[in-house]
There are 2 protein chains.
Amino acid sequence: MHTEYQDQVTVFKAFCDENRLQILEMLRSGEKCACKLQENLDIGQSSLSYHMKILCDSGVVVSWQVGKWTHYKISEQGCERAKEMLEAISTTNPTDEDTNCC
Amino acid sequence: MHTEYQDQVTVFKAFCDENRLQILEMLRSGEKCACKLQENLDIGQSSLSYHMKILCDSGVVVSWQVGKWTHYKISEQGCERAKEMLEAISTTNPTDEDTNCC
DNA sequence: ATATTATATCGAAATATTTTGATTTGAGGT
DNA sequence: ACCTCAAATCAAAATATTTCGATATAATAT
């Protein structure tokens, strides 16, 4: 249906789940591979993989392969994009106050 | 279970739904009452009320009554809080790179 | 007091997200 | 080639969110 806000939804979804926030906190101290992340989480392997996909889709995290391991880190660029989006969403622009109400 | 990230979830939920993003966009041009918001949305009255509750719970929007109307506007303070949270979440702090992996 | 209007709340249904366990894929190692 | 391991994917179940219609509440008007 309306798809105009889909990008923003995809980005902010990264921050709307406690497991993902915990993962992001772990990544703040530097890149980690999935197995390292898994150690500190109370979820199964496929569930972690699911959350990592959402985080990567948001652009806030990037992943790359090293042998059979997948490494993850926070993307500076992705975070900047999220901040810009939040700035844009929250900046008021009271040009047509007259159309307000009732 | 773990409740440590609940505050952040509550805040960012505001930005994770297309209807709510559309509502926020409408509020960017100034305060509005529910009936005005409703005009531009394709959802029922109780559904709008539900979304407004989520937005107010996040702190990003504030509401107040004027007679029988409820008015809503974007909260500068609430937005600042959201931005600070995002900053905190996304700031990397690579002090213990050694504990990273594998 | 009664009626009207705007919004909130409730319970149930519809829909979306998350978890789980099983399977698959793909990189190494033997 | 075969085995092992890390991670992704799949289908189904579990859970959470969103919507809808009905009702409740609270302010105002008659």
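Predicted model only: the values in this text are computed from it and were never measured. Order of the sequence lines sets the chain letters (A, B, ...), proteins ahead of strands, with each chain counted from 1.
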| request: Rounding to 10 degrees, work out the angle separating the end axes of the helix from C:dA1-D:dT30 to C:dT30-D:dA1 (five pairs an end). | output: 20°
Please tabulate, for the side chains in residues 51-62 of chain A, all donor-acceptor contacts under 3.5 angstrom to protein atoms that are two or more places apart in sequence or on a different chain.
residue: A:His51; atom: ND1; partner: A:Arg20; partner atom: NH1; Å: 3.0
residue: A:Lys53; atom: NZ; partner: A:Asp57; partner atom: OD2; Å: 3.3
residue: A:Ser58; atom: OG; partner: A:Leu55; partner atom: O; Å: 2.6
residue: A:Ser58; atom: OG; partner: A:Val60; partner atom: N; Å: 3.1

| query | Atom NE2 of B:His71 and atom P of D:dA27: how far apart are they, to the nearest Å? | reply | 15 Å
| query | Nearest-Å distance, NZ (A:Lys32) to P (D:dA6)? | reply | 18 Å
| task | Provide, to the nearest angstrom, the distance between the CD atom belonging to B:Glu18 and the P atom belonging to C:dT15. | result | 16 Å
| task | Sequence neighbours left out, what passes side-chain hydrogen bond (donor to acceptor under 3.5 Å, both in side chains) with B:Gln65? Give chain and number order. | result | B:Thr70
| Listed partners of A:Gln45 passing side-chain hydrogen bond (donor to acceptor under 3.5 Å, both in side chains), at least two apart | none
| task | Mind telling me whether A:Phe12 and B:Phe12 have parallel, tilted or perpendicular rings, with 30° and 60° as the class edges? | result | parallel
| field | Set of side-chain hydrogen bond (donor to acceptor under 3.5 Å, both in side chains) partners for A:Glu84, sequence neighbours left out | value | none
| query | Does anything in residues 6-15 of chain B pair up under salt bridge (Lys or Arg N to Asp or Glu O under 4.0 Å), and if so which pairs, sequence neighbours excluded? | reply | B:Asp7-B:Arg81
| request: Pull out every residue in residues 44-53 of chain B that has a heavy atom closer than 4.0 Å to any atom of DNA chain C, ordered by number, or say none. | output: B:Gln45, B:Ser46, B:Ser49
| request: Please list, chain by chain and in numerical order, all residues satisfying side chain to side chain contact (heavy atoms under 4.5 Å, CB included) with B:Ser46, sequence neighbours excluded. | output: none
| remark: Under a side-chain separation threshold of 4.5 Å, the hydrophobic residues clustered together with A:Trp64 are A:Val66
| message | Could you check whether any side-chain heavy atom of A:Ile23 comes within less than 4.5 Å of a side-chain heavy atom of A:Leu48, counting everything from C-beta outward? | response | yes
| Taking CG from B:Leu55 and C1' from D:dT18, how many angstroms apart are they, rounded to a whole number? | 14 Å
| said: Counting primed atoms plus P, OP1 and OP2 as sugar-phosphate and everything else as base, spell out the protein contacts along nucleotides 25-30 of chain C at 4.0 Å heavy-atom distance: B, S or - for each nucleotide, 5' to 3'. | reply: --SS--
| message | I'd like to check the side-chain hydrogen bond (donor to acceptor under 3.5 Å, both in side chains) partners of A:Glu76; sequence neighbours left out, ordered by chain and number. | response | none
| query | Rounded to whole angstrom units, what separation is found between the CD atom of B:Gln38 and the P atom of C:dA8? | reply | 11 Å
| Atom pair distance, as rounded to whole Å: CH2 in B:Trp69 and P in C:dA6 | 7 Å
| note | In short, salt bridge (Lys or Arg N to Asp or Glu O under 4.0 Å) pairs touching residues 58-75 of chain B with sequence neighbours left out are none
| query | What is the distance from CD1 of B:Ile54 to C1' of D:dT19, rounded to the nearest Å? | reply | 12 Å
| query | Which whole-number value in Å describes the distance from B:Glu39 CD to C:dT7 P? | reply | 11 Å
